[in-house]
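Single-structure report; data block below.
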Amino acid sequence: MSQALTLARPYARAAFATARDEGTFAPWSDALAFSAHVAADPRVSALLSNPELGRDEAVALLAPETAGESFGRFLAILAEAHRLPLLPEIAGMYDQLRAEAEHVVKATVTSAAELSTAELDAIKAALRKRFGQEVDVTTAIDASLIGGAVIDAGDVVIDGSLKGKLSRLQTALAN
């Protein structure tokens, strides 16, 4: 596990605990996503490592206007500890904790072409049945798959793409 993930874990857990106590999972998710996106920008990233940047300026730069007071305090703690560059990792871990708490499986369906609503609904239904939980699906398009789709649901990856099938066939023929 990378050092960034190890350093980010306690902050993600603290953010999650605060959001749980406040009953504000979604607003915290949105605020963390916004702050992580801003912090990941190369220009902002360089600015965050500048010792001349004060805590209040960093918080003002990274906090969305709709963020609550507790989120501002959270960013201030990160700024004091020089951990603002970890925001992308913190946001990702927070979303994982939230999904587990809400019993939601997050899945990404990557297909060669855009899926119809009916196809996407069928995939969601099959994943709900398989995992016994609600499923939050995001979609992506990768033309190199040729056809079919790849479903990535955390620990489970289902490769039903034509590219994957051809690769498995090539491996079988080579052996």
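Computed over heavy atoms, backbone and side chain alike; hydrogens, waters and symmetry mates excluded. Since we're looking at a predicted model, the values are computed, not measured.
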**Asked** Are the aromatic ring centres of Trp28 and Phe74 under 6.0 angstrom apart?
**Response** yes
**Prompt:** Should Gln170 and Leu173 count as side-chain neighbours, where that means a heavy-atom distance under 4.5 Å?
**Reply:** no
**Asked** Does a side-chain heavy-atom distance below 4.5 Å link Leu86 with Leu78?
**Response** no
Main-chain N/O of [Y] paired to [X] side chain as donor or acceptor, under 3.5 Å:
{"X": "Ser167", "Y": "Lys163", "result": "no"}
{"X": "Ser161", "Y": "Gly164", "result": "yes"}
{"X": "Glu102", "Y": "Ala99", "result": "no"}
{"X": "Ser45", "Y": "Asp41", "result": "no"}
{"X": "Ser49", "Y": "Ala46", "result": "yes"}

Heavy-atom pair with the smallest gap, counting every atom of [X] and [Y]:
{"X": "Arg55", "Y": "Ala79", "value": "CG-CB, 3.7 Å"}
{"X": "Phe25", "Y": "Arg98", "value": "CB-NE, 3.6 Å"}
{"X": "Ala31", "Y": "Ala67", "value": "CB-CB, 4.4 Å"}
{"X": "Pro85", "Y": "Leu48", "value": "N-CD1, 4.5 Å"}
{"X": "Leu62", "Y": "Ala39", "value": "CD2-N, 3.9 Å"}
{"X": "Leu145", "Y": "Thr110", "value": "CD1-O, 3.4 Å"}

**Request:** Any chance you could lay out the side chain to side chain contact (heavy atoms under 4.5 Å, CB included) test for Ile158 and Arg130, step after step, and finish with the verdict?
**Result:** CA-CA 12 Å; Ile158 304 166; Arg130 178 170 184 159; 3.5 Å; yes
If you measure from [atom1] on [X] to [atom2] on [Y], what distance do you get to the nearest 0.5 Å?
{"X": "Glu57", "Y": "Glu52", "atom1": "CD", "atom2": "CD", "result": "10.5 Å"}
{"X": "Arg20", "Y": "Leu97", "atom1": "CZ", "atom2": "CG", "result": "9.5 Å"}
{"X": "Ile77", "Y": "Tyr11", "atom1": "CD1", "atom2": "OH", "result": "8.5 Å"}

**Asked** After noting the C-alpha distance and the side-chain angles of Leu75 and Leu84, does the key distance pass the side chain to side chain contact (heavy atoms under 4.5 Å, CB included) rule?
**Response** CA-CA 7 Å; Leu75 288 179; Leu84 289 171; 4.2 Å; yes
**Prompt:** Hey, any chance Val109 and Val104 share a hydrophobic cluster, counting ILVMFWY side chains that come within less than 4.5 Å of each other, even indirectly?
**Reply:** no
**Prompt:** Going through the distances and angles, do Val156 and Val105 end up as a side chain to side chain contact (heavy atoms under 4.5 Å, CB included)?
**Reply:** CA-CA 11 Å; Val156 177; Val105 174; over 6 Å; no
**Request:** Dump the intermediate steps for side chain to side chain contact (heavy atoms under 4.5 Å, CB included) on Leu32 and Phe71, then the final yes or no.
**Result:** CA-CA 9 Å; Leu32 279 168; Phe71 187 77; 3.7 Å; yes
**Prompt:** Can you tell me if Asp142 and Ser111 form a side-chain donor-acceptor pair at under 3.5 Å?
**Reply:** no
**Side-chain donor-acceptor contact under 3.5 Å, Thr138 with Thr108** = yes
**Item:** Residues, nucleotides or ligands: over 12 heavy atoms within 6.0 Å of Arg128 CZ
**Value:** yes
